[in-house]
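Counting starts at 1 for both ligands and their atoms, following the listed order.
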Amino acid sequence: MRPVGSKYLLEDSLGRGATGTVWRGRVREDVAVPGLQPGQAVAIKVLREELAADPDVVMRFLRERSVLLRLSHPNIVRTRDLVVEGELLALVMDLVEGPDLFHYLRTNGPLSPIAGALLMAQVADALAVSHADGIVHRDLKPANVLLATTQSDGEERMYPMLTDFGIARLADSPGITRTHEFVGTPAYVAPESADGRPQTAAVDVYGAGIMLYELVTGRPPFQGDGPLAVLQAHLAQEPERPRTMPEPLWTVIERCLRKNPAERPTAVSLAHALRVVAAGVGVHAAPAAVDAALSVGELLVTDPALAAAAAVAAAAATGGADPTQVLPTRGFDPAAATQVMGHAPTPGAAEDRTQVMGQPAAAAGAADRTRVMPPMPAGAPGAPAAPAAPETPHPWQTQLRAARDRNQQTEIGYFDPDELSRPQVAPQPYQAPRPGQGPQQGPPQGQRPGQGPQGYGRQPGNRAPQGYGQQQPPAGGRYAPQGGHAQRPPVAPPPYQAQRPGQGQGYGAQPQGHGQPQAYPPPAPAPAQAPQRRAEPQPQRRPEPPAPQYREPEPREPRRRSRNRMYIPGLGCLKGCLMVLLILAIAAVALWNFTPLPHWWENVQTWWGEAQTWLSSFSGSSH
Ligand SMILES: Nc1ncnc2c1ncn2[C@@H]1O[C@H](COP(=O)(O)OP(=O)(O)OP(=O)(O)O)[C@@H](O)[C@H]1O
């Protein structure tokens, strides 16, 4: 066991992320740590050496120590200690024995709308508490939600615990991420983060919206063939409502995914709204609950401070007001949050920001997991006309790339400066499933099967194309979110699914006339493109075989000679012969000296002499 600092021992590695390695550890038996028992098991995140070596990160680490330590909520993994010793920075956290949501989804597939809403309601609770304390998570994603287990009524139940609070902020050091870079996870990155605007609590709400979408559909709403395309989509594309998404849930998601941060709901109202949705979309929902769910939009309250800030920003854009005033000051400390983003609203940074904002930073984008975005290259659309200097990869980027190689969850976004000037292929919109095909079956258009980001595009084989009716509650019904929902029955499909004619077998299989009102009209049809394409099938043209082309025979490689300049023809053979002769000579000497051969030779000579004598005497007597 390796010691960490003077109080902890590392046991085994639990996993490695972009910012460090998480270890299962233990408090030393002979020390006292407030809130922890001697010998207690803990999780220790040892930050990467590059972070520990950065004075800016160390300073921030120390400065935020008290904030991180006091952040306490049932759905937040508690940080117990921060270790700063020599070249080592580590966070000591409560150990959560359970999978993270990323791996859970990969193994079990998407959640039902009710389970997804209830799970995210608890995540939103955690966000509300942290936002009230001035902490923006900034890297919300399934990998940062651990599923803890608790016993209730003799049954194991799972509930989410948000981890990695403040890590993205710690890692975002000017010394590590240069101008125009950010630490984040592209699939979950808010548009304002993507283009370098100040990041407020609204970035977490955006991340929550992406996660919610992913939880119930199995894939994030914005995808693309690479980081650039994904970030572009965040900035420019509107999310598509999947056909099977219940309307109230879609209302919530759509509001969270607004491009304008001021239009997103607060985390508090999000948590409340999600519980209302969960109560009103089930087949057994009471009519009043169904009505409440349909009016969920009214519960989603925006932050007036953000709205005011947006107004100031708009004024600044037109009249040149001080953009630093854009930041809201209520509820959390956005200035602090912004200052550590590497896009601080200092005059210099503001200049930088203008440059970044001109960039379709989507264009600078990334596809997944924690990623450090490289600086915006000169020559990109909107970039200042600066002399293009070849950039060597920042050590942090190299480290992150290595981390990506080790851990699928982490990717680094390098992009070729030329790539920015090339038009990006926008990801195809959500393609409606064919009749009889499940809403989530198969990857989106333009994506090969099994190619979905982090494998989410792939649906587990146990989910036939039957809509939510096929979706199991997590852990085979084990997941029962806290807060009075623990005893909910397994999720059943919402009424509208059961009553839709002409759908896959799952719909027909639902009991009819169960006394529930049809809560929601069928969702709006899928984008016009897809049905049109199906309704008017174009004659498929067979691709013409390529014309046979004459290919020059490749010149033969010159024969390789030995490095020995003196080449004697036949020397190889001669050497072999000499070797054989030598071996034969040695064998002959050995035979002569170490066998009775000389004696036999003497006998042979004697017999030969006798034979000659006998022959001569025989011939003499015959004459
Ligand atoms: N408190 C904890 N208790 C138990 N396991 C944990 C804890 N914190 C993290 N882990 C596990 O450690 C592994 C690495 O966590 P980490 O946060 O470094 O990874 P990540 O979120 O995938 O990476 P990153 O966000 O840096 O890209 C994950 O598999 C996670 O489940």
**Q** Answer with side chain, backbone, both or neither: which part of E97 has a heavy atom less than 4.0 angstrom from an atom of ligand 1?
**A**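 Neither part.
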**Q** Under 4.0 Å from a heavy atom of D139: which atoms of ligand 1 are those, numbered in the order shown and with their elements?
**A**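 What qualifies from ligand 1 is 25 (O).
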**Q** Does a side-chain heavy-atom distance below 4.5 Å link V123 with N75?
**A**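 Side chain of V123 against side chain of N75, heavy atoms only: no contact under 4.5 Å found.
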**Q** Using the side-chain contact (heavy atoms from CB on, under 4.5 Å) definition, which of the options L249, D125, L118 pairs with L274?
**A**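 For L274, the side-chain contact (heavy atoms from CB on, under 4.5 Å) check succeeds only for L249.
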**Q** Residue-level breakdown please: for D164 versus ligand 1, do any non-hydrogen atoms fall below 4.0 Å on the side chain, on the backbone, on both, or on neither?
**A**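 The part of D164 near ligand 1 is the side chain, not the backbone.
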**Q** Numbering the atoms of ligand 1 from 1, which are under 4.0 Å from a heavy atom of T19?
**A**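 Numbered from 1, ligand 1 contributes 26 (O).
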**Q** Please work out whether any backbone atom (N, CA, C, O) or any side-chain heavy atom from C-beta onward of D94 is under 4.0 Å from ligand 1, and answer side chain, backbone, both or neither.
**A**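 D94 to ligand 1: backbone contact only, side chain stays beyond 4.0 Å.
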**Q** Report, in ascending order of atom number, the atoms of ligand 1 lying under 4.0 Å from any heavy atom of G20.
**A**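 What qualifies from ligand 1 is 18 (O).
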**Q** So does A190 get a backbone contact from the side chain of K259, meaning a donor-acceptor N/O pair under 3.5 Å?
**A**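 Flag not set: sc K259 to bb A190 has no pair under 3.5 Å.
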**Q** Are any of the N/O atoms in V77 less than 3.5 Å from those in ligand 1?
**A**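 Among all N and O atoms of V77, none is under 3.5 Å from an N or O of ligand 1.
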**Q** Report yes if the side chains of P191 and R197 come closer than 4.5 Å at any heavy-atom pair, otherwise no.
**A**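 They are in contact (side-chain heavy atoms under 4.5 Å apart), so the answer is yes.
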**Q** Please verify the inter-ring angle class for H234 with F222; under 30° counts as parallel, over 60° as perpendicular, anything in between as tilted.
**A**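 Perpendicular, since the angle between the ring planes exceeds 60°.
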**Q** Output the list of atoms in ligand 1 that are nearer than 4.0 Å to some heavy atom of K45, sorted by atom number.
**A**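 Reading through ligand 1 atom by atom, the close ones are 16 (P), 17 (O), 18 (O).
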**Q** Measure N144 to ligand 1 on non-hydrogen atoms and call it side chain, backbone, both or neither using the 4.0 Å cut-off.
**A**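 N144 to ligand 1: side-chain contact only, backbone stays beyond 4.0 Å.
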**Q** Is the contact between R24 and ligand 1 made by the side chain, the backbone, both, or neither, using heavy atoms and a 4.0 Å cut-off?
**A**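 Neither part.
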**Q** Does any non-hydrogen side-chain atom of P160 lie less than 4.5 Å from one of V145?
**A**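 SC-SC contact between V145 and P160 confirmed.
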**Q** Which of the numbered atoms in ligand 1 are under 4.0 angstrom from any heavy atom belonging to A43?
**A**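 It comes down to these atoms of ligand 1: 1 (N), 2 (C), 3 (N).
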**Q** Check this for me - ligand 1, R16, N or O atoms closer than 3.5 angstrom, yes or no?
**A**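 There is no such contact.
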**Q** Thinking salt bridges, do D204 and R138 make one under a 4.0 Å N-O criterion?
**A**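 Salt bridge absent between D204 and R138.
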**Q** Output all residues satisfying side-chain contact (heavy atoms from CB on, under 4.5 Å) with E49, sequence neighbours left out; order by chain, then residue number.
**A**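 Expected list: none.
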